[in-house]
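Counting starts at 1 for both ligands and their atoms, following the listed order.
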Amino acid sequence: MNVYDGQRIAAMLEKHGLVQTDNVEDADIIILNTCAVRAKATDKVYSALGRIRRAKKDGALLGIVGCVARESGADAFKRIPELNFVLGPQSYHKLPEILKNPDTKLLNIDMSGLEKFDELPQMTKSPLVAYIPIQEGCNHCCTYCIVPYTRGRELSRPFKDVINDTINAAKTGAIEICFLGQNVNGYKYTDEKGKLYKLSDLIRETAKLPEIHRIRFTSSYPTEMSDDLIEIFGQEPKLLPFLNMPIQSGSPRILKKMNRPDDIDAYKAIVKKLKSVRPNIQISSDFIVGFPDENDEDFEQTLQIAREIKYINSYSFKYSPRPHTAAALMGNQISEQIKSVRLQRLDLQLNENQREFNTSCIEQEMVCLFEGNDKTGKHLVFRTPYMQQCIVDKPDYEITPLQKIKITDANKSCLRGEIIK
Ligand code: 5AD
Ligand code: SF4
């Protein structure tokens with residue numbers, strides 16, 4: 001979501017005649033697009049601001065947008081007096097106001113819902129992978145999560161608006177569409193005639209676009225994985241055989257405290273149904289270790305589910321107490337030391353899964369999407385249909401963005417391959 005927001009901010013400022021620079025010292029305007037999901041992310045913002053305020057040139061505008069802006073509000077100006085603007089995740093479309101009135105302090109952390117989507121100019125050039133948000137906010141109140149506070153209640157964008165964005169992305173260079181939402185598979189929009197549209201409808205409509213070859217979506221909430229959505233994995237070959245469906249913990253006791261779906265058998269049944277319609281599908285998850293009151297037995301259950309589902313491409317985090325969340329006030333907070341040990345053990349398991357899956361890909365042929373050059377300039381980086389990185393030698397001829405690649409080698413973090421001409 002933040003990558004998307006960053007792209008829209010860049011496009012908006014380019015319309016105002018600005019160009020991007022990687023050099024803080026050169027910049028006329030410096031924007032930190034921020035995440036508040038864990039304390040570490042928020043702390044990084046403030047330490048970066050400390051560095052930037054000394055490095056920036058005189059008169060350059062400095063500001064933060066996104067969830068830290070929403071969380072800090074006017075306090076941010078007190079902490080960093082050099083800040084010129086503080087704009088929340090639903091109000092960054094107001095950014096041009098600071099260009100018009102550079103001598104003011106601009107604060108807007110309103111929860112204006114979907115307004116920004118109407119205000120932002122349409123992209124005139126799309127990256128190969130176009131992120132398309134289909135909903136804003138989240139109505140699930142996981143007790144550890146700050147997102148319902150920073151991004152507000154859940155709103156699904158009108159079906160027509162999403163499809164317009166998708167068509168625009170296809171016409172301006174996108175090959176892959178990634179639908180975004182905090183609870184993306186809960187997308188529901190009823191139009192003025194009373195017709196209900198779901199994520200499966202968006203996928204079906206998008207798949208009709210000849211320019212679009214790959215479709216995916218993130219992040220899914222387990223109990224919103226409806227049958228129509230499961231079935232479309234068996235019907236729509238453009239939908240990648242890869243699904244991010246976070247479980248967070250393998251312990252029903254902890255899941256209850258997290259206010260998450262706690263029926264592990266029901267979760268496994270969804271994976272089984274997905275495999276029955278798309279036998280080659282792979283699942284990824286996010287995990288939190290060291291949630292308040294998590295004991296060794298709870299943690300063993302997390303390791304167990306990670307082994308059993310054989311998750312690939314997963315993310316694991318130490319629980320981080322956040323303001324405005326219920327879990328931060330719970331008793332039996334877990335020590336940093338225990339969290340670190342558990343995270344290490346979980347990561348060993350997740351790496352093992354990844355290595356095993358990557359190795360199983362050797363000798364396979366996959367159509368992969370070009371991502372960029374590697375640092376040496378001698379290789380090209382592609383993404384497989386499972387979002388693994390695949391590195392190939394740079395050929396001496398022009399390539400197209402989609403290439404059939406034969407996988408020749410693998411380790412835990414990436415694949416090697418050869419382009420099949
Ligand atoms: N502490 C640690 N991880 C968190 N996440 C969300 N809130 C917290 C928190 N307070 C993780 C969840 C979520 C991902 C985006 O971030 O795993 O799926
Ligand atoms: Fe946060 Fe995701 Fe839970 Fe929503 S579903 S509260 S975004 S972890």
A.B. asks: Counting each atom of ligand 2 from 1 as listed, which ones have a heavy atom of P148 under 4.0 Å away?
C.D. replies: 6 (S)

A.B. asks: Short list, please: which atoms of ligand 1 are under 4.0 Å from a heavy atom of V37?
C.D. replies: 6 (C), 7 (N), 8 (C), 9 (C), 10 (N)

A.B. asks: Indicate whether the side chain of T21 and that of N23 have a donor and an acceptor atom separated by less than 3.5 Å.
C.D. replies: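 No, no side-chain donor-acceptor contact under 3.5 Å.
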
A.B. asks: Please work out whether any backbone atom (N, CA, C, O) or any side-chain heavy atom from C-beta onward of S219 is under 4.0 Å from ligand 2, and answer side chain, backbone, both or neither.
C.D. replies: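 For S219, no heavy atom sits under 4.0 Å from ligand 2.
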
A.B. asks: Out of all atoms in ligand 1, which are within 4.0 Å of some heavy atom of S320? Include the element for each.
C.D. replies: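 Matching atoms, with element in brackets: 1 (N), 2 (C), 9 (C), 10 (N).
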
A.B. asks: Where is the nearest protein heavy atom to atom 18 (O) of ligand 1: which residue, which atom, and how far?
C.D. replies: D286 OD2, 2.6 Å

A.B. asks: Taking the six-membered ring for Trp, are F242 and Y386 ring centroids under 6.0 Å apart?
C.D. replies: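 No.
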
A.B. asks: Among all protein heavy atoms, pick the one closest to atom 3 (Fe) of ligand 2 and tell me residue, atom and distance.
C.D. replies: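 In this structure, atom 3 (Fe) of ligand 2 has C142 SG, 2.3 Å as its nearest protein heavy atom.
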
A.B. asks: For the ring pair Y189 and F159, is the centre-to-centre distance below 6.0 Å?
C.D. replies: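 No, too far apart.
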
A.B. asks: Report, in ascending order of atom number, the atoms of ligand 1 lying under 4.0 Å from any heavy atom of R322.
C.D. replies: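 It comes down to these atoms of ligand 1: 10 (N).
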
A.B. asks: Tell me yes or no: between the side chains of E224 and H140, is some donor less than 3.5 Å from an acceptor?
C.D. replies: yes

A.B. asks: Assess the pair Y197 and Y187: is the distance between their ring centroids shorter than 6.0 Å?
C.D. replies: no

A.B. asks: Return a yes/no value for Y144: is any of its N or O atoms, backbone included, closer than 3.5 angstrom to an N or O of ligand 1?
C.D. replies: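 Between Y144 and ligand 1, an N or O pair is found under 3.5 Å apart.
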
A.B. asks: Return a yes/no value for Q248: is any of its N or O atoms, backbone included, closer than 3.5 angstrom to an N or O of ligand 1?
C.D. replies: yes

A.B. asks: What protein heavy atom sits nearest atom 1 (Fe) of ligand 2, and how far away is it?
C.D. replies: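 Sorting protein heavy atoms by distance from atom 1 (Fe) of ligand 2 puts C145 SG, 2.3 Å first.
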
A.B. asks: Run down the list R38, K318, R260, M1 and name the one with the heavy atom closest to atom 5 (N) of ligand 1.
C.D. replies: R38

A.B. asks: Between Q90 and D110, is any side-chain donor less than 3.5 angstrom from a side-chain acceptor?
C.D. replies: no

A.B. asks: Strictly under 6.0 Å, is that where the ring centroids of Y131 and Y4 end up?
C.D. replies: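 Between Y4 and Y131, which both carry aromatic rings, the centre distance is not below 6.0 Å.
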
A.B. asks: Strictly by modelled atom types, are N108 and E97 linked by a side-chain donor-acceptor pair under 3.5 Å?
C.D. replies: no

A.B. asks: To the nearest 0.1 Å, how far is atom 2 (Fe) of ligand 2 from its closest protein heavy atom, and which atom is that?
C.D. replies: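 Nearest protein contact, heavy atoms only, for atom 2 (Fe) of ligand 2 is Q182 O, 4.2 Å.
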
A.B. asks: Tell me whether the count of non-hydrogen atoms from other residues, nucleotides or ligands lying under 6.0 Å of NZ in K412 goes above 12.
C.D. replies: no

A.B. asks: Which of the numbered atoms in ligand 2 are under 4.0 angstrom from any heavy atom belonging to V147?
C.D. replies: 7 (S)

A.B. asks: So that I can check it, does any N, O or S atom in C138 come closer than 2.8 Å to atom 4 (Fe) of ligand 2?
C.D. replies: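 Of the N, O and S atoms in C138, at least one lies under 2.8 Å from atom 4 (Fe) of ligand 2, which means yes.
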
A.B. asks: Pairing donors with acceptors under 3.5 angstrom, does anything connect the side chains of H93 and E115?
C.D. replies: yes

A.B. asks: Identify the protein heavy atom lying closest to atom 6 (S) of ligand 2, giving its residue, its atom name and the separation to 0.1 Å.
C.D. replies: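 Its nearest protein heavy-atom neighbour is H140 O, 2.8 Å.
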
A.B. asks: Considering non-hydrogen atoms of the protein only, which is the closest contact for atom 8 (S) of ligand 2, and what is the distance?
C.D. replies: Y144 OH, 3.3 Å

